[in-house]
Amino acid sequence: MLAARLCTMKKLSSVLARTLTSGTSGSLSLPDMSEGHLPIHVNNVRSRLRDIVGASTNWRDHVQAMQERKALHTLLAKRQEDLPPRRMKDSYLEVILPLGSQPEIREKYLNVHNSVRFGRILEDLDSLGVLICYTHTKQEAQPRSPLSIVTALVDKINLCKKIIYPDCDIKFTGNVSWVGKTSMEVKMHMLQLHDGDYSPVLDATFVMVARDPENKRPAFVNPLIPESPEEEEIFKQGEFNKTKRIDFSTASLLKMAPTAEERNIVHDIFLNTLDTRTVSFRSRVLPPNSVWMEDAKLKSLQICHPQERNIFNRIFGGFLMRKAFELGWATACSCGGSRPFIVSVDDIMFQRPVEVGSLLLLSAQVCYTEKNYIQVRVHSEVYDADTREHQTTNIFHFTFISEKEVPRVVPKTYGESMLYLDGKRHFTATVKEI
């Protein structure tokens, strides 16, 4: 059994090694922006954000702090043209997570498998993305920023390492890579120190939006000027990403019927699960090595305490991502019967903020499987106990790879079939990219 397990792990490592090779060779060449930049300790990122917006560290002061921000309305630009353009290197930041050199901070990041909790990494990426955008929009004459910058979308996170080690320093780097009128795309990279050199672990693309001091209306941000052919390509990629997101949304199965090929897939699943003894539309039989989709889901409830608030006194987006990831991981683990490893995160939409005190309901569903891969969708909603209404806040998509081949997930209903096709679309897009 030990030999078989080692063989499986070697095979899994080779798959992820190919991911690393294909992911880096096909990516854009990145200009070096590190010169003259001193790294920031990861614990100082949130404190810098509080200083930038004037947020209080005490929950009891949050109302007064937000009232004081209303006066910053006069500092907002009336037009984007009134703001000075920025270069990509103007927003470049490096953040160090010293797991190797400062062992006392390891426990927060440690999981039971003696590797780093990916949910904690999601929290750090979210905070860093916001700080990068505030660095891009910083005005020297303004001690506090009038902008409320929040995460709108996690476009893509691709990993190229199976294990993140808990006793080696980690470095995050990132900068603004594309700018619209009121939105900014941020590209971030995570590297880990091995034998004196930093090697890539993941690449992440976030989209942030700027709003007024009360977080009610869009606000203009500084334009971005590429300075080299490499930066021109990065900026064009940002434009392409925006177009791709629009196309993907337009073709959503919540708006458009499945394609002819997808309809055939659904009908084939239906035919393969019919009970040949009864020849009834209602009588279904589960094929071998399969699991009904309705049996491949988990749910959880979170009470959103003030401890998890962001600088604008709403629930921190990184906390939501961590909780969604951990439930998604548990669902993949339950379905696959072995430890899953995260391969990719994509298309996390932040549809509405989560208020402090909310009851947060998370529902994770395995919606597609193929060989060792598991595609999980996590739906997040808040429940209002007074009105008894549910409102969707986020949709999360995670791609995992398991140590062994996993059962095929099989939909029964039309709604489950649409989830299956949506999961297949996300999985296909992920595999194509890596």
Side-chain angles (χ1 to χ4, degrees), residues 2 5-25 27 30 34 39-46 93-129 154 156-174 187-204 318-319 321-323 325-326 328-330 332-333 336 338-345 372-374 398-404 434:
L2 178 60
R5 182 172 176 82
L6 287 172
C7 180
T8 302
M9 292 300 290
K10 286 180 180 178
K11 187 187 298 182
L12 188 60
S13 298
S14 68
V15 171
L16 286 169
R18 289 197 298 273
T19 298
L20 171 60
T21 305
S22 60
T24 53
S25 63
S27 61
L30 301 174
S34 59
I40 305 168
H41 192 288
V42 69
N43 289 344
N44 294 333
V45 172
R46 297 287 290 274
L93 291 177
E94 288 187 7
V95 171
I96 295 296
L97 173 55
L99 296 177
S101 51
Q102 294 183 12
E104 63 272 15
I105 68 173
R106 283 182 200 163
E107 189 160 323
K108 174 183 174 182
Y109 288 86
L110 190 65
N111 66 26
V112 71
H113 301 289
N114 198 36
S115 61
V116 170
R117 295 170 62 184
F118 184 67
R120 291 295 188 192
I121 299 300
L122 291 175
E123 290 183 327
D124 291 339
L125 287 171
D126 193 44
S127 295
L128 175 58
V154 178
K156 180 68 70 174
I157 303 175
N158 284 333
L159 285 91
C160 50
K161 294 285 186 184
K162 176 170 66 75
I163 298 292
I164 306 173
Y165 297 97
D167 55 356
C168 299
D169 286 359
I170 287 173
K171 178 168 69 174
F172 299 96
T173 67
K187 287 198 176 296
M188 292 173 284
H189 313 279
M190 176 177 150
L191 308 97
Q192 188 156 39
L193 187 64
H194 294 289
D195 300 324
D197 291 320
Y198 279 100
S199 58
V201 176
L202 65 79
D203 297 321
F319 169 78
M321 286 194 282
R322 173 164 65 88
K323 288 300 180 181
F325 167 77
E326 290 173 350
W329 184 92
C333 183
S338 62
R339 178 186 177 187
F341 297 87
I342 185 68
V343 174
S344 182
V345 181
N372 288 48
Y373 288 99
I374 306 172
F398 302 105
T399 306
F400 295 94
I401 188 168
S402 183
E403 294 176 341
K404 58 184 181 182
I434 65 177

Restricting to non-hydrogen atoms, name the atom on [X] and the atom on [Y] that form the minimum distance, rounded to 0.1 Å.
X: Pro166; Y: Val116; answer: CA-CG2, 3.7 Å
X: Arg46; Y: Ser127; answer: CD-OG, 3.2 Å
X: Phe341; Y: Glu403; answer: CE1-CG, 3.9 Å
X: Val95; Y: Val42; answer: CG1-CA, 3.6 Å
X: Ser402; Y: Ile374; answer: CB-CD1, 4.3 Å
X: Ile342; Y: Thr399; answer: CD1-O, 3.4 Å

- request: Among residues two or more places apart or on two chains, list those pairs meeting salt bridge (charged side-chain N to carboxylate O under 4.0 Å, His left out) that have a residue in residues 95-109.
  value: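 For residues 95-109, and leaving out neighbouring residues, there are no salt bridge (charged side-chain N to carboxylate O under 4.0 Å, His left out) pairs at all.
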- request: List for me each residue that meets side-chain hydrogen bond (donor to acceptor under 3.5 Å, both in side chains) alongside Ser199, sequence neighbours excluded, and say none if there are none.
  value: none
query: Sequence neighbours excluded, which residues qualify as salt bridge (charged side-chain N to carboxylate O under 4.0 Å, His left out) partners of Arg117?
result: Glu326
message: Between His113 (side chain only) and Ser115 (backbone N and O only), is there a donor and an acceptor less than 3.5 Å apart?
response: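 No, because the side chain of His113 does not come within donor-acceptor range (under 3.5 Å) of the backbone of Ser115.
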- request: Spell out, as yes or no, whether a donor-acceptor pair under 3.5 Å connects the side chain of Gln192 to the backbone of Cys168.
  value: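 Yes; judged by distance alone, with no hydrogens or angles, the pair exists.
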query: Would you call Asp126 and Val154 a side-chain contact if the rule is heavy atoms closer than 4.5 Å?
result: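 Heavy-atom side-chain distance check fails, nothing below 4.5 Å.
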query: Is it true that the side chains of Ser344 and Asn158 contain a donor and an acceptor less than 3.5 Å apart?
result: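 Judged by distance alone, the side chains do pair up.
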Euclidean distance, [Y] [atom2] relative to [X] [atom1], rounded to 0.5 Å:
X: Asp203; Y: Lys156; atom1: CG; atom2: NZ; value: 12.0 Å
X: Arg339; Y: Asn111; atom1: CZ; atom2: CG; value: 6.0 Å
X: Met321; Y: Leu125; atom1: CE; atom2: CG; value: 7.5 Å
X: Leu191; Y: Ile96; atom1: CG; atom2: CD1; value: 9.5 Å
X: Asp124; Y: Asn43; atom1: CG; atom2: CG; value: 8.5 Å
X: Tyr165; Y: Asn114; atom1: OH; atom2: CG; value: 10.5 Å

field: Test applied, ring-ring contact (aromatic ring centres under 6.0 Å, His included); reference residue, Phe398; option that passes from Trp329, Tyr373, Phe325
entry: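 Testing Phe398 for a ring-ring contact (aromatic ring centres under 6.0 Å, His included) against Trp329, Tyr373, Phe325 leaves exactly one candidate, Phe325.
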query: After noting the C-alpha distance and the side-chain angles of Leu128 and Ile40, does the key distance pass the side-chain contact (heavy atoms from CB on, under 4.5 Å) rule?
result: CA-CA 10 Å; Leu128 175 58; Ile40 305 168; over 6 Å; no
task: Give the intermediate values and the outcome of side-chain contact (heavy atoms from CB on, under 4.5 Å) for residues Tyr109 and Ile170.
output: CA-CA 12 Å; Tyr109 288 86; Ile170 287 173; over 6 Å; no
message: Please determine whether side-chain contact (heavy atoms from CB on, under 4.5 Å) holds for the pair Leu122 and Ile157, giving the CA-CA distance in whole Å, both sets of side-chain angles, and the decisive distance to 0.1 Å.
response: CA-CA 10 Å; Leu122 291 175; Ile157 303 175; 3.5 Å; yes
task: Give the intermediate values and the outcome of side-chain contact (heavy atoms from CB on, under 4.5 Å) for residues Tyr198 and Thr173.
output: CA-CA 12 Å; Tyr198 279 100; Thr173 67; over 6 Å; no
